[in-house]
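Accompanying notes for the structure given below.
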Protein chains: 2
Amino acid sequence: MATIKDVARKAGVTVTTVSRVMNNRGYLSQETREKVRNAMEELHYKPNAIARSLFAKRSGIIGLILPSLRHPFFAELAGFIEHFAHIYSYKLLICDSNLDAVREKEFVDLLKSNQVDALIMGSHTLDVKEFAGLHYPIVTFDRIIEGLPYVYSDNYQGGIFAAQALLHAGCHHVAHICGNLQLDLLSNDRTKAFLQVMNDHGINPIVVQTETNVFDYAHYEEMIYPLLKMHADLDGIFATSDLLAAYVVRACYEMNIRVPQDIKVIGYDDVYLSELLVPQLTTIHQPVREMAEMAVRIAIHGEDEKFQQDNIFPVRLVHRATC
Amino acid sequence: MATIKDVARKAGVTVTTVSRVMNNRGYLSQETREKVRNAMEELHYKPNAIARSLFAKRSGIIGLILPSLRHPFFAELAGFIEHFAHIYSYKLLICDSNLDAVREKEFVDLLKSNQVDALIMGSHTLDVKEFAGLHYPIVTFDRIIEGLPYVYSDNYQGGIFAAQALLHAGCHHVAHICGNLQLDLLSNDRTKAFLQVMNDHGINPIVVQTETNVFDYAHYEEMIYPLLKMHADLDGIFATSDLLAAYVVRACYEMNIRVPQDIKVIGYDDVYLSELLVPQLTTIHQPVREMAEMAVRIAIHGEDEKFQQDNIFPVRLVHRATC
DNA sequence: TCTTGTATGTCAACCGGTTGACATACAAGA
DNA sequence: TCTTGTATGTCAACCGGTTGACATACAAGA
């Protein structure tokens with residue numbers, strides 16, 4: 001590949017002049033600019049971003065660690081983060097931890113080695129103390145880590161909305177399906193709020209959690225079928241993702257339980273999936289797009305400190321056909 | 001951040017010795033190794049991957065350009081590619097072209113500047129000649145570009161399977177929904193084969209294409225509702241992605257058309273979505289996992305030339321509930 | 001005449017690593 | 001005694017850019 005030296009030779013100038021043309025510094029005649037530009041084009045020259053990064057001590061790359069790219073919520077989140085990163089002229093290095101703490105730690109180190117300018121953490125299997133040594137800009141999604149800014153939506157309110165919707169629809173025998181509560185996530189507030197409201201109304205929901213380190217969709221089925229079988233009197237289910245809710249809806253269909261006539265179902269996230277299902281899913285909307293933009297902006301301008309640590313976004317109930 | 005010089009100073013050796021410890025070259029006593037290791041740990045030292053890349057002329061990064069991260073097929077593909085890249089100790093830089101030729105070109109240049117060791121192209125809005133200047137390892141997904149290796153599944157056979165399934169189910173009035181055929185993709189063979197088989201049986205399907213530069217799901221609805229309304233006699237639809245098929249199934253439900261009793265539906269890809277729908281989607285399975293692995297292996301070992309240019313994978317019909 | 005702005009060039013240092021050449025020193029085996 | 005292997009160190013060059021200091025030269029305006 002052509003280097004700056006090849007360009008300089010071809011254009012009959014020094015590398016300093018070529019560098020000046022590229023960076024628009026110092027005095028340059030139009031003629032020199034053109035000579036250099038022509039040489040660059042003829043050689044298909046692209047400046048080596050690695051060499052530039054080394055000198056500039058910034059790579060223009062944001063790292064993103066997610067628990068799963070296949071999960072529709074995170075796929076959507078990744079899509080938006082990529083979108084905004086590109087708008088702000090940053091590249092994105094995406095890592096899929098698959099909810100594995102070892103891989104997650106590897107990725108954190110890897111991204112540090114690769115001099116990413118900032119890190120957005122959407123996967124949280126690591127202990128908080130693993131982040132003690134690293135002081136570079138990290139934004140956290142849905143989790144509080146001492147001293148780092150975090151972006152999340154109003155999970156507590158989401159739980160309240162879900163509970164109210166089920167109560168309003170007349171449910172009395174309610175189940176709640178959620179991710180593993182041992183992971184120290186802010187989304188656990190959905191569960192907390194939901195149970196609180198239900199308890200206030202004298203209802204004690206059955207709670208089912210996924211296993212800790214699993215994003216395995218077969219496992220979802222192994223949870224849901226027994227739940228429905230053992231509790232024939234259930235008339236309402238709140239699942240903490242649209243994906244989980246979709247599995248619930250399908251299981252109901254396979255078991256000839258009608259949704260919403262026999263069981264009401266509420267999901268969470270409001271990803272494209274919720275509109276796509278039959279029947280369309282009633283769910284709690286998270287403003288993913290806005291959250292993604294905020295995460296990117298904090299990642300980029302984190303040092304300027306004009307951002308708050310606590311970045312909460314409102315949720316809302318989206319009424320569709322399952323509740 | 002600590003550099004190799006800081007480590008050398010702390011350990012009381014020269015940078016050469018530190019470098020030797022890290023790369024395990026030359027003679028080193030156990031004692032020296034430990035001194036250096038300790039210094040590295042105390043300083044939380046991580047070697048600067050950028051500096052290494054510059055010297056090594058390889059970055060350990062594979063670039064991946066996709067038309068959409070939100071589309072379930074590409075999300076799944078990206079997930080698997082990330083998985084295998086990590087297994088082979090490569091990082092992944094993902095770019096989402098959003099089916100925009102300008103962005104796609106920008107990304108190709110960007111990845112070249114960033115010295116990615118190889119590029120996997122899954123988005124194809126660019127003209128073939130844009131790739132003329134670049135001679136670095138590129139693997140192509142679902143498209144032939146002169147001189148580059150490509151990975152794809154047997155689209156032609158997939159089209160045949162779909163046609164045969166609909167014919168076998170007794171369909172006579174058939175529609176076909178596909179991506180825009182102007183994009184020069186191998187997946188167009190699905191359409192070609194499908195129409196061929198249908199024509200051989202005296203059936204002339206209605207063909208509906210998405211617009212060129214759009215991955216907009218609202219647009220899907222604008223295509224599908226009129227199709228169903230204007231052709232009340234349709235009894236079979238072949239959609240070239242599970243996502244499209246899901247929109248068809250939902251539209252049928254909303255219009256009180258029963259699937260599969262009134263209309264049979266066949267999708268394509270066999271992503272998790274197809275199992276999730278109600279009713280579960282009959283579809284053509286693409287071995288995404290295997291295709292992803294092949295793409296990564298070619299990307300990495302491309303120069304060794306032990307791989308063929310033409311890498312075709314078999315498809316199969318997966319019988320579920322919609323046909 | 002002096003100063004300032006414009007237009008280039010040379011040179012060297014730097015970013016943070018890696019590597020080859022060469023030197024020194026010691027122990028052990030042929 | 002000579003050779004070889006082990007254990008370190010110094011030095012310089014390199015990867016491909018960027019940047020500051022300094023030099024030269026010319027034109028124009030004060």
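Proteins get letters first, then strands, A, B, ... in listed order; numbering begins at 1 in each.
For A/R103 and B/E82, the salt-bridge test passes: some basic side-chain N is under 4.0 Å from an acidic carboxylate O. Note on A/K112 versus A/D109: no salt bridge recorded, every NZ/NE/NH1/NH2 to OD/OE distance being 4.0 Å or above. Of the charged side-chain nitrogens involved, none lies within less than 4.0 Å of a carboxylate oxygen, so that A/E290 and A/R297 do not count as a salt-bridged pair.
Nucleic acid contact for B/T3: sugar-phosphate only, since backbone atoms but no base atoms lie under 4.0 Å from a heavy atom of the residue. If you check every strand for non-hydrogen atoms under 4.0 Å, B/T32 touches sugar and phosphate atoms only.
With rounding to whole Å, B/R58 atom CZ is found 17 Å from C/dG17 atom P. Rounded to whole Å, atom C1' of D/dG9 lies 17 Å from atom NZ of B/K5. Atom pair A/E31:CD and C/dT6:P shows a separation of 18 Å (rounding to whole Å applied). Between the P atom of C/dA21 and the CZ atom of B/R20 lies a distance of 13 Å, rounded to the nearest Å. For B/L54 and D/dC15, the CG to C1' distance is 4 Å, given to the nearest whole Å. Nucleotide C/dG9 holds its C1' atom 16 Å from the CZ atom of A/R25, rounded to whole Å. A straight line from CD1 of B/I4 to P of C/dG17 spans 6 Å, rounded to a whole angstrom. Atom CG in A/N48 sits roughly 17 Å away from atom P in D/dC14 (whole-Å rounding).
No donor-acceptor distance shorter than 3.5 angstrom exists from the side chain of A/N98 to the backbone of A/D100, with no hydrogens or angles considered. At least one donor-acceptor pair under 3.5 Å links the side chain of A/S68 to the backbone N or O of A/R70.
With both pairing distances under 3.5 Å, C/dA25 is matched to D/dT6 as a Watson-Crick or G-U wobble pair. Under the Watson-Crick and G-U wobble criteria, each requiring two contacts below 3.5 Å, nucleotide C/dG20 is paired to D/dC11. C/dA30: Watson-Crick or G-U partner is D/dT1, with both key distances under 3.5 Å.
Of the two residues near DNA chain C, A/T16 and A/Q30, the one whose nearest nucleotide lies more 5' is A/Q30. Toward the 5' end of DNA chain D, the nearer of the two residues B/V15 and B/K57, judged by each one's closest nucleotide, is B/V15. Summary of the strand contacts: B/L28 and A/R52 both lie near DNA chain D, and taking for each the nucleotide with the nearest heavy atom, the more 5' one is attributed to B/L28.
When the nucleotides C/dG9, C/dT19, C/dC14 are ranked by their closest atom to the side chain of A/F55, C/dC14 comes out on top.
For the pair B/Y27 and D/dA7, the criterion of a side-chain N or O lying under 4.0 Å from OP1 or OP2 is not met. Checking the phosphate oxygens (OP1, OP2) of D/dT18, a side-chain nitrogen or oxygen of A/S19 falls inside 4.0 Å.
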